[in-house]
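All figures in this text were calculated on a predicted structure; none of them were measured in a lab. To find a chain, count down the sequence lines: A is the first, B the second, and so on, and within it residues start at 1.
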Amino acid sequence: EYVYSALISGLYKEAKSEDAVKLWKKMDEKGFRPNTVVYSALIDGLCREGKPDEAKEMLNEMIDKGCVPNAYTYSSLMKGFFKAGVSDKAIQVWEEMQKSNCAVNEVCYSVLIHGLCEVGKLKEAMMSWSHMLSHGCKPDAVAYTSMIHGFCNAGSINEALRLFHEMICQERKSKPDIVTYNILFNALCKQNETSRAVDLLNSMLDQGCDPDVVTCNIFLRTLSERLDPPQDGREFLDELVIRLFKRQRISGACKIVEVMLGKFLPPK
RNA sequence: AUGUAAAGGGGCU
């Protein structure tokens, strides 16, 4: 099981689906009975390939054979249908999971909330958020960030910030990370609230979170598009490097220097 | 304590 699941998953991720299917057939010929993990790897692979309907058939097959789908299986399938633009079927999978005895976790909720937000169903996403809380499932950083992203895209930055402040007080697995911050930077910059974005950047540095290449791109873009006269961002990044260095954040500073070199913005 | 076969979030394109 361990080898087959790892191979199938890896082959699909490298876009070698023919090889994955060959392996699956070979496994079958050998009379090997795949378990939940192996089925889940195949279902996830089919979804990545854009074939969620085939993946759904495999779900039915595994159930017929007495194999019990779990949160991995259902979350992959939901994501697959969302990715294919068939959110109705994704929701059907969600409902099927609810009817099963499967323990729903924060990953399932993240996939659902992300998918709903992506098709503009913010209300439904918020209902899923409440559902998660009322069922005793604690949102982790990804779940929070998915909901925050949904609020930002709907223009509800204040709602997004309310969740963000909630995250700050949580335990480690629910603390905001660089992805959370980048989503907020992007939303604030796009609403011409650059100074609030810079304030948030400062508090991020205080929290011990290092900026990355996406952070740089977000700020460089606003500096060149929203500023009169436009800036190339070199000074901004130079200052960032210095501030990281002063805080002994050597690897964080190096990351920014690498970004600068990659953009032909020579650091001072 | 953490990690140890399969699933989830960010900018530009």
Side-chain angles (χ1 to χ4, degrees), chain A residues 1-13 20 23-24 34-48 52 55 58-59 62 67-83 90 93-94 97 102-118 125 128-129 132 137 139-153 160 163-164 167 171-190 197 204 209 211-225 233 259 262-263:
Chain A
E1 286 105 347
Y2 285 75
V3 175
Y4 278 120
S5 53
L7 284 177
I8 288 168
S9 170
L11 286 170
Y12 273 110
K13 282 172 188 156
L23 184 66
W24 181 266
N35 68 2
T36 299
V37 178
V38 182
Y39 266 112
S40 299
L42 178 72
I43 286 171
D44 183 67
L46 289 168
C47 287
R48 284 176 197 274
M58 295 311 298
L59 175 75
M62 74 185 276
C67 219
V68 182
N70 62 15
Y72 283 81
T73 331
Y74 285 117
S75 60
S76 288
L77 241 196
M78 271 199 296
K79 170 114 182 125
F81 279 121
F82 275 124
K83 189 182 156 202
V93 172
W94 168 260
M97 173 169 54
C102 169
V104 181
N105 66 13
E106 67 279 13
V107 175
C108 301
Y109 282 105
S110 296
V111 172
L112 179 65
I113 289 167
H114 175 78
L116 289 171
C117 289
E118 223 169 26
S128 307
W129 181 263
M132 169 173 67
C137 178
D140 64 1
V142 177
Y144 266 111
T145 303
S146 302
M147 194 66 246
I148 286 174
H149 195 199
F151 279 130
C152 287
N153 283 344
L163 280 185
F164 167 75
M167 290 178 87
E171 50 188 342
R172 193 185 184 101
K173 70 159 193 143
S174 306
K175 283 234 189 290
D177 63 14
I178 187 59
V179 178
T180 322
Y181 281 105
N182 284 340
I183 287 169
L184 291 168
F185 294 146
N186 192 43
L188 289 169
C189 288
K190 285 206 164 142
M204 180 180 90
C209 180
D212 69 2
V213 60
V214 176
T215 321
C216 295
N217 286 336
I218 291 167
F219 280 100
L220 290 188
R221 195 181 165 82
T222 37
L223 288 176
S224 70
E225 287 182 356
V259 171
K263 295 184 183 298

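- Following rounding to the nearest Å, Asn105(A) (CG) and A7(B) (C1') show an atom-to-atom distance of 8 Å.
- Residues Cys152(A) and Ile183(A) come closest through the heavy atom pair SG-CG2, 4.1 Å.
- Distances shown here put every side-chain N or O of Lys173(A) at or beyond 4.0 Å from the OP1 or OP2 atom of A1(B).
- Using a 4.0 Å heavy-atom criterion, one finds that Asn35(A) contacts the bases of the nucleic acid, with or without backbone contacts as well.
- Rounded to a whole Å, the NE2 atom of His149(A) is 14 Å from the C1' atom of G8(B).
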Requested in this report: Might you work through the side chain to side chain contact (heavy atoms under 4.5 Å, CB included) test for Ser146(A) and Val142(A), ending with a clear yes or no?
Outcome: CA-CA 6 Å; Ser146(A) 302; Val142(A) 177; 4.1 Å; yes
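- Taking the side chain as every heavy atom from C-beta outward, Met204(A) and Pro211(A) approach each other to under 4.5 Å.
- Judged by distance alone with a 3.5 Å cut-off, no donor-acceptor contact links the side chain of Asn70(A) to the base of A7(B).
- Atom-to-atom, CG of Leu23(A) to P of A6(B) comes out at 15 Å; the value is rounded to the nearest Å.
- Remark: the separation of the P atoms in G3(B) and A7(B) is 15 Å, to the nearest Å.
- For Ser110(A) against G8(B), a side-chain-to-base donor-acceptor contact under 3.5 Å is present.
- Rounded to a whole angstrom, the distance from the C1' atom of C12(B) to that of G8(B) is 22 Å.
- Here Val111(A) lies in heavy-atom contact (under 4.0 Å) with sugar-phosphate atoms only.
- Using a 4.5 Å heavy-atom threshold, the side chains of Leu42(A) and Met62(A) count as separate.
- Judged by distance alone, the side chain of Asp177(A) and the main-chain N or O of Thr180(A) form a donor-acceptor pair under 3.5 Å.
- In this structure, the side chain of Ser224(A) engages the main chain of Arg221(A) through a donor-acceptor pair within 3.5 Å.
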N/O to N/O distances under 3.5 Å, protein versus nucleotides 2-4 of chain B:
none

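- As a whole-Å value, the separation of Ile113(A) CD1 from A7(B) P is 20 Å.
- Nucleic acid contact class of Thr180(A) (heavy atoms, under 4.0 Å, all strands): base.
- One interatomic measurement links the two molecules: CD1 of Ile183(A) to C1' of G9(B), which rounds to 6 Å at whole-angstrom precision.
- Put simply, the side chain of Ser5(A) and the base of A5(B) share a donor and an acceptor less than 3.5 Å apart.
- For the pair Lys175(A) NZ and G9(B) C1', the interatomic distance rounds to 18 Å; values are reported in whole Å.
- Picking from G8(B), G9(B), A7(B) the nucleotide with the shortest atom distance to the side chain of Tyr72(A) gives A7(B).
- Between the side chain of Ser9(A) and the main chain of Ser5(A), no donor-acceptor pair closer than 3.5 Å is present.
- Between A6(B) and Lys13(A), no contact under 4.0 Å exists linking OP1 or OP2 to a side-chain N or O.
- Closest non-hydrogen pair, Val93(A) versus Met78(A), comes out as CG1-CG, 3.8 Å.
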Report task. Evaluate the side chain to side chain contact (heavy atoms under 4.5 Å, CB included) criterion for residues Tyr2(A) and Val37(A): first the C-alpha distance (whole Å), next the side-chain angles of each, then the deciding distance (0.1 Å), finally the verdict. Result -> CA-CA 8 Å; Tyr2(A) 285 75; Val37(A) 178; over 6 Å; no
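- For Asn105(A), the side-chain hydrogen bond (donor to acceptor under 3.5 Å, both in side chains) criterion is met by no residue, not counting sequence neighbours.
- Nucleic acid contact for Thr145(A): base, since at least one base atom lies under 4.0 Å from a heavy atom of the residue.
- A heavy atom closer than 4.0 Å to some atom of RNA chain B occurs in Ser40(A), Ala41(A), Asp44(A), Arg48(A), these being the qualifying members of residues 38-48 of chain A.
- For Glu106(A) against Ala143(A), the heavy-atom pair with the smallest separation is O-CB, 4.5 Å.
- At a cut-off of 3.5 angstrom, the base of A7(B) holds at least one donor-acceptor pair with the side chain of Ser75(A).
- Here the C1' atom of nucleotide A6(B) and the CG atom of Leu11(A) are 14 Å apart, to the nearest Å.
- Counting to the nearest Å, the P atom of G8(B) and the CE atom of Met132(A) are 17 Å from each other.
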